[in-house]
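Working notes, structure below.
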Amino acid sequence: MRVPEKPSLDGLEAKWGEWWETTGTYRFDRSKTREQIFAIDTPPPTASGSLHIGHVMSYTHTDIVARYRRMRGREVFYPIGWDDNGLATERRVQNYFGVRPDPSLPYDPTFDVTALERPDDDRPVRVSRPNFIELCERVTAEDEKAFESLFRLLGLSVDWTQTYTTIGEHSRRVSQRGFLRLARKGLAYTAEAPTLWDVDFQTPVAQAEIEDRERDGQYHRIAFDRSDGGRVEIETSRPELIPACVALVAHPDDDRYHDLVGSTVTTPLFRVPVPVVAHHLADPEKGTGIAMICTFGDVTDVTWWRELGLPARVVVRRDGTLAEGRFGEPGWESEDAGAANAAMAELTDKASNQARRRIVELLREAGALLDEPTPVRHVVKFYEKGDRPLEVITSRQWFVRTLDRRDDLLARGRELSWHPSFMGARFATWVEGLNQDWAISRQRFFGVPFPVWFRLDDEAEPLYDDPIFADEATLPVDPSADVPPGFTAEQRGRPGGFIGDPDVMDTWATSSLTPQIAGHWEDDDDLFRRVFPMDMRPQAHDIIRTWLFYTVLRADLEHDSLPWSNAVISGFVLDPDRKKMSKSKGNVVVPTEVFERHSSDAVRYWAGSARLGYDAAFDEQQMKVGRRLAIKILNASRFALSMEAAPGDVTEPLDRSMLASLREVVRQATEAFDDYEHAKALDLVERFFWGFTDDYLELVKQRAYGVHGAEKAGSAVAALHQALDVLLRLFAPFLPYVTEEVWSWWREGSVHRAAWPSASELDVADGADPEIYEVSAGALTAIRKEKALAKVSLRIPVERATVRDTGARLAKLELGAADLREAGNVQILETEPADAASVDVVLAQPAQQA
RNA sequence: GGGCGCUUAGCUCAGCUGGAAGAGCGUCGCCCUUACAAGGCGAAGGUCGCAGGUUCGAGCCCUGCAGCGCCCACCA
């Protein structure tokens, strides 16, 4: 036994972090079977971002579970990845190196960024996509080192040999293979369709990436001309789309417009004849009850356009500006094409809000604006990272079928165990609200390319209906550099030749395969069978509709199973004012500084006290408490282990009673852990521990020193050792450093590979009554209280202490009476049966006058 | 508008299947006690959001309301 004189928390992180690594404490043993393994689908944090205190909390939650399961005998598969695939990295690399990816360029194997010559005008240098990806990997490797060191400091018990990056070759291969499998089954398809589109990023946006924002807008009341010479009034917030109007629509049951349905009206300014149609989605309550259908103002327009078989007249370009007038051409009929094109010319090249201002003037001049616009606060759809409202733009994209799988997905959501359970409702709400298939292609440059080429016809126009898919054996491929089977490089871009699909996949198309990536699906079937479906997906609630949903979808489509059996959802960390922490509010906390101030165990204690699914306040006070607890564990352990008496048999009733009480704590903490209620487990263990130090240690101190002989001392020392041994293991998932430190003083190996405490190892407490300990500790507390109230030292002798309680409890007190007398320095201890419990204390020395 | 969660001491939160309101922090007081003074012991502090109901009994169950947070829907 090597117990230090002055134990300390300082340096424990470095000492044990290194030891765990060199001894491979957390190394995954892949020889274990699926039943023996506990597999975790760890979230890959975004490289190029920074880790914040919210990560610290949720990753600690995961680690607590991992450590518990490991101690329960499961071989924990605990890999980690870095999400370096996506816009954040793309932008960073562009700025860092002054380059821009260009999918039309071939890969240059001799490319050397350090020798890069910048043009004088400071314009970015074009590089091929594969070269660009190499640069991304280089930059993100730096971020990943920083992340790793923070996670190591936090004490995550991940296997650092099982790491992956979402842009790495392995992830690209899995991602492309996953896509090919979907395409082959017809579950991924390409189509030219109206899609929500960000005009700044110039890329489609999936439903999951959309957020609503309240914006000020205006309603404009506008007159359309009826064929009978009358007018019909509509209300719109987007008058600039009048040239794109293809119909008016009213509800079939709306009597006001009953006669109008089936007739033709004429749009103002552009003089385009459009039909009046009926559809149940038209809301009689909104505006005037009759609405303009444009191609396309919003998603409802798309529904109307599709279901009513309307023509398309598109006026908004991909960059959000308005196009030139084409009135008079086929499909652009107008009663006065000249005037229509003249009006359109006033709007051409303007962004929609500028065009809106101009057309309002034109409408006013033409007498078609019936009232001055009325301000309105309404909700507009935005790309979550975007600055301007989304437009609906028609483009060719790859989609994954989700709409027709809603029932399946809802069933998967019910099959999954959610912790806490109410989080399942968010998933169900999301699935029920799906209104479009998942658009997975992005017109960006950095990302996983589609393993697809298109044949070119004699005019060198792509034939999209018959894509050429890559052979799975050749993955990953980059169609901008690689040549499809049966073609030669010279045929690229030539009539009768081919072109590569220039698009990349949505990052979620890769992230949704993290179980397959980490488990080496198809590349290592043996491993995959041992870890998939996994046991647990930890994540925060904000990405249920993205990461969680898409991962469930992919596993359902590819493996016809859930990807994991448990979803463990952490809350957010709020600042002490209950505000969400964010960079823009300037209230973010730098995790490394927090670790320095309080120690890793202390920070983990704070995180471990927070329940799953509920937001937690960032609370340094709580970390101080954690630090104090860790120090207390050091000191109490040193004390318990420094007794000179040899441990003997645990025979004293008080000792056995304490162990019986501990056994109940083990039972309850285990139950809490099995229910993913780690905060409850921590509370139980901590509560017992403080009682153990305040009461039990005090009660048995003298006896352990040997005042009643070696045998009774041996019982106390043995009980102290046994309790400490169990307590260290109970604390180990929460406080890995301090428990490992104490464990190393007197035990072999790592506490983190020791077995979780069981009831059977405490069988010395069989038949023992926990109440003996409870009654004795209660009496000691009462005596201490009297001394505190009398403002005297705890050493002051008690002349007489009279304990009143029920006969049964007094009988139990008798069994601990000898220890109680010593601990309280009681000269005469007497008992008196009574209905209500109380303690009378007569101090030997009167209270000092103040 | 629909849904989920929350509302308990100044603060952060526990309160299991209904059975005498709890912890920690903070505040205040005391104690150098041979593990720990960057300690320890103790005290004060609550109309359990509001209103009904069920029950012998409600912080807990039911109904309604209010406030806060989040999710979803909502562009005429």
Side-chain angles (χ1 to χ4, degrees), chain A residues 3 5-7 212 214-215 217 219-222 234-239 241 248-250 281-283 285-294 297-301 376 378-381 389-390 392 420-433 435 541-542 544-545 571-572 574 576 578 580 606 609-611 613-622 624-625 627-629 631-643 668 671-672 677 679-680 683-684 686-687 690 693-694 697-698 701 705 781 783-796 823 825 850:
Chain A
V3 183
E5 260 315 295
K6 193 81 184 158
D212 292 342
E214 276 213 338
R215 283 292 178 273
Y219 281 153
H220 308 77
R221 188 170 280 246
I222 289 162
I234 62 113
E235 225 168 44
T236 179
S237 60
R238 300 202 59 187
L241 292 179
L248 297 189
V249 63
L281 281 181
D283 183 351
E285 303 293 316
K286 281 189 185 168
T288 60
I290 186 162
M292 164 171 96
I293 301 178
C294 303
D298 63 21
V299 289
T300 316
D301 280 342
V376 63
H378 62 169
V379 174
V380 183
K381 288 189 191 305
L390 294 172
V392 178
S421 58
F422 62 79
M423 285 295 176
R426 296 205 180 187
F427 179 85
T429 309
W430 175 252
V431 175
E432 282 160 7
N435 56 31
H541 52 70
D542 55 334
I544 287 175
R545 70 177 189 177
F572 287 138
L574 307 176
R578 311 294 307 171
K580 190 175 167 182
W606 159 77
S609 328
R611 287 195 294 172
Y614 293 89
D615 294 344
F618 175 72
D619 186 357
E620 296 207 51
Q621 208 52 251
Q622 191 67 4
K624 287 183 187 165
V625 175
R627 184 180 175 85
R628 210 178 50 152
L629 172 64
I631 292 171
K632 191 77 172 178
I633 289 172
L634 288 176
N635 285 321
S637 300
R638 182 170 90 88
F639 179 62
L641 295 176
S642 62
M643 293 298 166
Q668 290 182 26
E671 195 177 290
E677 303 241 32
K680 186 175 181 179
D683 185 65
L684 285 162
E686 189 191 3
R687 202 176 292 276
W690 283 111
T693 60
D694 291 349
L697 280 179
E698 292 301 327
K701 195 186 272 185
Y705 284 145
T781 300
I783 290 167
R784 272 197 306 247
K785 176 176 170 174
E786 288 303 322
K787 291 179 178 177
L789 290 175
K791 304 190 178 185
V792 297
S793 161
L794 290 178
R795 273 189 320 178
I796 295 295
N825 201 0

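A, B, ... follow the sequence lines: proteins, then strands. Residue 1 opens every chain.
Here A:Ser642 lies out of heavy-atom contact (under 4.0 Å) with every strand. Using a 4.0 Å heavy-atom cutoff across all strands shown, A:Trp690 reaches sugar-phosphate atoms only and no base atom. At the heavy-atom level, A:Ala428 lies nowhere under 4.0 Å from the strands shown. Within 4.0 Å (heavy atoms only), A:Glu698 reaches at least one base atom of the nucleic acid. Within the nucleic acid shown, A:Lys632 comes within 4.0 Å of at least one base atom, counting heavy atoms only. Nucleic acid contact for A:Ile633: none, since no nucleic acid atom lies under 4.0 Å from a heavy atom of the residue.
A distance of about 38 Å separates the P atoms of B:C50 and B:G39, rounded to the whole Å. When the C1' atom is compared between B:G24 and B:G18, the two are found 27 Å apart, to the nearest whole Å. The separation of B:U47 from B:G64, taken at their P atoms, amounts to 28 Å, rounded to a whole angstrom. Across B:G52 and B:C74, the matching C1' atoms stand 34 Å from one another, rounded to whole Å.
Atom CG of A:Asn825 and atom P of B:C31 are 17 Å apart (whole Å).
Comparing B:C4, B:A35, B:U33 by their nearest atom to the side chain of A:Leu794 picks out B:U33. Nearest to the side-chain atoms of A:Arg784 among the listed nucleotides B:C72, B:G42, B:A35 stands B:G42. With B:A73, B:C75, B:G42 as the choices, the nucleotide that has an atom nearest any side-chain atom of A:Asp212 turns out to be B:A73. Between B:C72, B:C75, B:A35, one nucleotide has an atom nearer to the side chain of A:Thr300 than all others, and that is B:C75. In this structure, the nucleotide among B:A14, B:C75, B:A35 sitting nearest to the side chain of A:Asp298 is B:C75. In the set B:C74, B:C70, B:A35, B:C74 carries the atom at the smallest distance from any side-chain atom of A:Lys286. Closest approach to the A:Thr429 side chain among B:C72, B:C75, B:A35 is made by B:C72 (side chain taken as heavy atoms from C-beta onward).
B:U7 is paired with B:A66 under the Watson-Crick or G-U wobble criterion, all donor-acceptor distances under 3.5 Å. Across all strands shown, B:G1 forms a Watson-Crick or G-U wobble pair, both distances under 3.5 Å, with B:C72.
If you check distances only, the side chain of A:Asp694 never reaches the base of B:C41 with a donor-acceptor pair under 3.5 Å.
Dashed line: the shortest gap from a side-chain N or O of A:Arg238 to OP1 or OP2 of B:C75 is not under 4.0 Å.
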### Summary
Scoring nucleotides 17-30 of chain B by protein non-hydrogen atoms under 4.0 Å (B base, S sugar-phosphate only, - none) yields ------SSSS--SS
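For A:Tyr705, the ring pair (Phe, Tyr, Trp, His ring centres under 6.0 Å) test picks out no residue, with sequence neighbours left out.
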Extract all donor-acceptor atom pairs below 3.5 Å that involve side chains of residues 631-641 of chain A and protein atoms in other chains or at least two apart in sequence.
unit_1: A:Asn635; atom_1: ND2; unit_2: A:Ile631; atom_2: O; d: 3.4
unit_1: A:Ser637; atom_1: OG; unit_2: A:Ile633; atom_2: O; d: 2.5
unit_1: A:Arg638; atom_1: NE; unit_2: A:Glu5; atom_2: O; d: 3.3
unit_1: A:Arg638; atom_1: NH1; unit_2: A:Glu5; atom_2: O; d: 3.3

